[in-house]
Chemist: 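Pasting a structure here, questions to come.
We count residues from 1, following the sequence as given. For ligands, and for the atoms within them, numbers begin at 1 and follow the listed sequence.
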Amino acid sequence: MPLLAEFENVAASSTINIALLTELKTTSSRENYENVFYLQAYRIAIVNWPNDFQPRKSLGQNFLLDENVLRKIVRAIDPKPEDHFVEIGPGMGALTKHLLEAGSHCLAVEIDQRLIPLLQERFAAYPNFKLLNQDFREVALNGFAGEHKLRLVGNIPYHITSHLVFTAFAQRALLRDMLLTVQREVAERIVATPGGKEYGILSIMSQTFAHAELLFTISPHVFRPKPEVESAVVRWQFQAPPLPIVDDDFYVAMVKAIFGQRRKTLRRSLSNFLNTETPLAFIDLQRRPETLAIAELIQLANGLAKTKDA
Ligand code: SAH
């Protein structure tokens with residue numbers, strides 16, 4: 001397959017981003033399997049990459065250009081016609097396309113106003129497509145939930161991952177599950193078990209209110225521009241906590257208080273929550289926060305919440 005000839009042909013007749021084309025041309029002289037990847041990337045790029053579009057680092061823009069990886073993500077999502085998705089940061093619609101083609105409903109929430117006309121035009125033929133030009137952190141999902149639970153998906157901007165995840169968790173009653181591409185280190189924190197330094201607020205929230213799994217990692221090479229870090233796909237399936245929680249808000253506040261000062265013992269970090277007589281026979285207050293399993297944290301919060309009301 002004379003790749004370079006094909007590049008020249010298409011280049012002559014299209015409005016492809018010139019920097020990207022140059023990059024593709026240089027790289028395409030490498031081994032064959034790489035050519036196949038770049039040709040795919042190239043095809044997607046010429047169809048979808050708007051002329052003169054400059055990705056913004058401040059918006060965490062790294063676009064996924066590899067159909068194989070996209071298909072792997074879509075297999076993990078397993079979209080069905082009866083599903084209602086909310087997609088955070090659709091970008092140019094790489095994942096959106098697959099959800100819509102599966103017949104699912106999709107509300108795409110994209111903050112970058114420059115991408116809105118492109119998305120509108122690309123998916124104009126899909127009655128199951130809705131688009132919001134908004135910051136996901138300011139979207140109230142109850143306006144979209146109806147009777148069905150929502151499924152949250154996205155290859156999201158890495159610099160605000162925690163914030164996005166907590167926004168989603170605050171609305172977890174409306175959610176069935178969540179499948180996000182995040183930075184690999186963050187994914188490892190989400191699924192971390194007690195004892196290590198990766199175990200923290202993200203792990204605890206994720207594992208208290210959901211079953212969280214790291215499904216697979218993704219190389220930086222499949223994104224444009226290439227991020228500096230590896231990525232991983234994480235799935236959260238929301239479920240009831242392992243023990244009933246007396247007061248959810250109190251539990252979250254307590255976890256934030258003790259993991260905000262994780263080098264202190266429980267007695268010190270909980271000083272705001274404890275009065276001296278608080279009977280907490282079941283837990284040793286000399287322990288460090290990261291040694292506590294989820295069930296122990298729930299017991300602790302339940303114990304404290306009761307004394308708070310007394
Ligand atoms: N999902 C696309 C784009 C990933 S880049 C793909 O895989 O190719 C991250 C996307 O999130 C960008 O489109 C960016 O504009 C958007 N974004 C960044 N901050 C956002 C926010 N707060 N709310 C919604 N979208 C946001």
Chemist: Does Asn128 use its side chain to pair, donor to acceptor, with the backbone of Leu99 at less than 3.5 Å?
Modeler: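 It does not hold such a pair.
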Chemist: Hey, could you give me each pair passing side chain to side chain donor-acceptor pair (under 3.5 Å) that has a residue in residues 98-111? Not counting sequence neighbours.
Modeler: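 Pairs touching residues 98-111 that pass the test: Glu67-His98.
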Chemist: Nearest heavy-atom pair of Pro55 and Phe63: which atoms, and what distance?
Modeler: CB-CE1, 4.1 Å
Chemist: Give the table of side-chain donor-acceptor pairs shorter than 3.5 Å for residues 148-158, with sequence neighbours excluded, one pair per line with atom names and distance.
Modeler:
residue	atom	partner	partner atom	Å
His148	NE2	His84	NE2	3.4
His148	NE2	Ala145	O	2.8
Lys149	NZ	Ala173	O	3.4
Arg151	NE	Asp177	OD1	2.9
Arg151	NE	Asp177	OD2	3.3
Arg151	NH1	Ile77	O	3.2
Arg151	NH1	Asp83	OD2	2.9
Arg151	NH2	Ile77	O	2.9
Arg151	NH2	Asp177	OD2	2.9
Asn155	ND2	Asn62	O	3.4
Tyr158	OH	Ser231	OG	2.5

Chemist: Strictly by salt bridge (Lys or Arg N to Asp or Glu O under 4.0 Å), give each pair with a member in residues 185-201 just once, sequence neighbours left out.
Modeler: Arg184-Glu188
Chemist: If you draw the axis of the six-membered ring of Phe238, does the NZ or CZ of Arg172 fall within 45° of it and under 6.0 Å from the ring centre?
Modeler: no
Chemist: Could you list, one pair per line, each nitrogen or oxygen of ligand 1 together with any protein nitrogen or oxygen closer than 3.5 Å, giving atom names and the distance rounded to 0.1 Å?
Modeler:
residue	atom	partner	partner atom	Å
ligand 1	1 (N)	Gly89	O	2.8
ligand 1	7 (O)	Asn155	ND2	2.5
ligand 1	8 (O)	Leu64	N	3.0
ligand 1	13 (O)	Gly91	N	3.4
ligand 1	13 (O)	Glu110	OE1	2.7
ligand 1	13 (O)	Glu110	OE2	3.4
ligand 1	15 (O)	Gln61	NE2	2.9
ligand 1	15 (O)	Glu110	OE2	2.6
ligand 1	22 (N)	Asp135	OD1	2.8
ligand 1	23 (N)	Phe136	N	2.9
ligand 1	25 (N)	Ile111	N	3.4

